[in-house]
Amino acid sequence: MKTLKTISLTAVVLTLTLVLFTACNESRENPLLQESTLPFGAPDFGNIKTADYLPAFEKAIQLTRAEIDSIVSNPDSATFENTILALEESGKTLGRVSAVFFSLLEADKTPELSDVEKKVRPMLTELENEISFNKPLFERIKKVYDTQYESLQGEDKKLLEETYKEFVRKGALLSEEKMARMKEINLRISELQTQWGDTLTEATNEAVVWVEKKEDLAGMTDADIAQCAKDAESRGGKAPYAIVIVNTTQQAPLASLDNRELRKKVFEASIHRTDGTRKYNTFPIVVEIAKLRAEQAELMGYPNYAAYSLENTMAKTPENVYAFLMNLIKAYVPKADAETKAIEEFARKSEGAEFQLQAYDYFYYSAKMKKEQLDVNDDEVKPYFNVDSVLANGVFYAANRVYGLSFKERTDIPVYHPDMKVYEVLDKDGKTLALFYTDYYRRPTKRGGAWMDAFAEQSRQRQQLPIIFNVCNNAKAPEGQPSLLTWDEVTTMFHEFGHALHGMLSNCQYNRLSGTSVARDFVEMPSQFNESFASIPEVFDHYARHYQTGEPMPADLKERMLKSINFQPCYALGENLAATCVDLAWHMLPSKDIPTADKAMEFETESLRKVGLLNPFIPIPPRYHTSYFNHVWGGGYAAGYYSYLWTEVLAVNIADVFAQRGALKPETGQEFRDKVLSRGNTGDLMQMFSDFTGMKSPDASSLLKARGL
């Protein structure tokens with residue numbers, strides 16, 4: 001009897017606890033569905049839980065549907081205000097939820113978030129299909145376009161134009177049959193890109209090269225070896241040391257590892273991470289996405305996806321892109337041949353006359369050659385590139401000198417990871433301009449690479465200040481030690497901050513047109529231009545200070561280091577050209593010609609041979625091979641990777657203007673801000689470029705000169 005009473009009492013307590021927990025849980029407001037009460041409307045990461053995302057998406061999608069229904073059911077004749085502006089203002093809750101979720105998905109992708117993604121992406125694609133193929137909605141948009149386009153001015157006119165053209169490009173004018181097929185394709189691509197992201201993240205994390213003996217790491221600095229030990233510990237400790245693989249083909253340790261077999265092992269771990277020779281194979285995903293994209297283009301009346309994708313860019317056509325690339329390749333190949341032969345001859349002095357340079361040797365002997373000729377290497381300069389100094393005394397300092405911005409750290413605003421910092425951005429008049437977050441250190445839950453994005457984009461219509469963040473994958477030093485950077489990592493910080501400036505300095509009426517909402521072959525220009533400040537003497541001297549003494553880099557070392565920037569420049573250009581041509585080759589194919597998964601690598605090889613980039617005497621592989629080319633298969637750069645080179649031309653032309661007028665002259669910075677950075681996508685992009693530079697068209701010859709070629 002006593003036992004039964006105890007069980008009954010326990011059951012009552014458990015039931016009561018469950019009821020109370022459920023009631024509390026139901027009464028708790030989902031922070032993702034409320035407008036944040038934090039400064040600037042910053043995401044409330046202190047209260048957001050993983051369990052909040054799915055119900056937030058479900059509710060936000062429901063709200064968006066209701067907003068679209070309200071536009072469609074409006075009995076009044078379609079006008080700019082009740083249709084275009086109403087559409088612009090719809091989906092704000094969904095936009096807020098999506099901005100936070102997908103930012104974390106890239107930067108801190110836990111298994112729990114991955115599970116949510118699998119549920120959410122199909123829901124979002126279904127909603128996008130519903131809106132894109134909503135005939136009554138498009139009829140209202142078309143009515144406004146046909147009757148009001150000529151009478152509208154400025155950003156109103158641009159918003160109408162972009163809205164109408166987007167619906168047309170997504171298939172609003174297709175027949176019912178083709179529209180149904182386009183919906184199926186959109187949904188399937190969404191599913192495949194989720195698979196791609198999961199597979200690539202897992203494969204790259206598993207591609208770690210484990211090292212048993214410290215002596216095998218000979219050539220690396222003590223700090224780098226300590227980092228390998230830390231990486232090994234954080235990844236399960238299968239061996240005392242681990243060399244982690246980053247997203248690109250080449251890996252930084254290959255410049256210093258004396259052990260050639262280990263170099264080869266690291267390189268092969270990189271290039272084979274997802275090609276099916278090991279555990280993971282993304283080629284089935286690749287070929288299906290490529291075929292579906294080609295079919296999308298054909299449904300829209302284009303011969304291939306590249307033609308469809310490039311129509312709304314500065315380049316306009318694949319033919320224009322190929323003409324641009326072939327001019328670069330023609331100038332590049334003989335110089336790359338000479339550069340490679342010089343490195344191989346240098347290596348033969350120590351390795352013997354029969355030595356043949358391989359891709360995994362390139363960085364190693366180039367570094368040794370640079371050390372001999374210029375007497376400089378990464379280990380010598382890294383003590384002067386402390387990440388904190390690069391940010392405060394370099395990136396922020398240049399922005400202050402050129403644009404008048406200042407940065408105040410905010411410790412009262414919550415973040416999604418302890419490594420992050422938040423800054424309030426103040427304009428020259430002291431007025432708050434934006435919030436800026438940094439997330440600079442790598443971790444297993446973060447995808448490779450570096451990027452900028454926004455938790456909220458600037459909009460005068462919404463009275464919203466921009467909330468911008470930068471993400472990098474720098475190694476974080478062990479506790480108590482400084483995190484030191486290579487020159488490449490320094491310029492990456494300046495690069496991503498250039499994107500951030502494009503978002504921060506935006507001054508547009510509409511969210512849809514603001515900040516970085518521009519064509520791919522323009523969006524990389526502000527970032528690539530901002531890299532130029534890293535080597536301007538006054539900026540360089542301000543941040544390149546020894547992490548222990550605070551002394552500036554000695555003049556002799558500085559001179560040698562800056563000379564070394566363009567030492568043997570062919571590799572960087574060659575790997576970019578190769579990746580660009582691989583991207584275009586896939587997206588120039590009609591759907592019937594897409595190769596099968598087992599022929600995908602063969603197709604890549606043949607594509608490089610056709611454009612003259614498959615030279616056995618020049619061991620320069622693509623920056624990304626097909627099987628781990630995230631920009632193209634997981635990101636938004638399909639048929640658009642060329643834009644990095646294209647916008648580099650724009651950036652060099654703009655940097656030349658700054659140099660002529662005074663690189664840090666505030667008047668020049670203000671003019672660039674007024675004519676380009678603040679304008680988002682509110683005007684013709686080529687005209688913006690011309691308005692600032694005075695040039696009718698970009699000068700591509702300046703690129704080779706800037707690259708030291």
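On a predicted model such as this, the values are computed, not experimentally measured, just so you know.
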Can any side-chain N or O of [X] pair as donor or acceptor with the backbone N or O of [Y] at less than 3.5 Å?
X      : Y      : result
Gln481 : Pro478 : no
Asp583 : Gly640 : yes
Asp691 : Lys675 : no
Ser270 : Thr249 : yes
Asn470 : Glu496 : yes
Gln458 : Leu505 : no
Ser506 : Gly503 : no
Asn511 : Ser459 : no

Presence of salt bridge, [Y] and [X], under 4.0 angstrom:
X      : Y      : answer
Asp656 : Lys705 : no
Asp224 : Lys382 : yes
Lys368 : Glu372 : no
Glu88  : Arg512 : no

Does [X] reach the side chain of [Y], with side-chain heavy atoms less than 4.5 Å apart?
X      : Y      : answer
Trp487 : Ser535 : yes
Phe567 : Arg560 : no
Thr647 : Val523 : no
Cys581 : Ile329 : yes
Arg623 : Tyr641 : yes
Tyr403 : Leu677 : yes
Glu380 : Lys371 : yes
Lys335 : Tyr332 : no

Is it the case that [X] and [Y] place a side-chain donor and acceptor less than 3.5 Å from each other?
X      : Y      : value
Thr432 : Glu424 : yes
Asp419 : Tyr440 : no
Arg707 : Asn566 : no
Tyr543 : Asn386 : no
Tyr384 : Ser389 : no
Glu551 : His546 : no
Tyr571 : Gln250 : yes

Hey, could you give me the [atom1]/[atom2] distance between [X] and [Y], rounded to the nearest 0.5 Å?
X      : Y      : atom1 : atom2 : result
Phe522 : Asp684 : CZ    : CG    : 9.5 Å
Leu562 : Phe540 : CG    : CZ    : 5.0 Å
Lys428 : Leu405 : NZ    : CG    : 8.5 Å
Arg679 : Glu155 : CZ    : CD    : 9.0 Å
Asn474 : Arg442 : CG    : CZ    : 8.5 Å
Ser643 : Glu524 : OG    : CD    : 5.5 Å

Write down the atom of Tyr437, the atom of Ile467, and the distance for their closest heavy-atom approach.
-> CE1-CG2, 3.5 Å
Per the side-chain hydrogen bond (donor to acceptor under 3.5 Å, both in side chains) rule, which among Asp108, Asn473, Asp439 passes with Lys446?
-> Asp439
In terms of heavy-atom contacts, does CD of Glu667 have more than 12 from other residues, nucleotides or ligands at under 6.0 Å?
-> yes
Would one find more than 12 heavy atoms of other residues, nucleotides or ligands at under 6.0 Å from atom NZ of Lys558?
-> yes
Parallel, tilted or perpendicular for Tyr416 and Phe45, by the 30°/60° rule?
-> perpendicular
When Asn653, Val657, Ile654 are each screened for side-chain contact (heavy atoms from CB on, under 4.5 Å) with Met695, the one that passes is Asn653
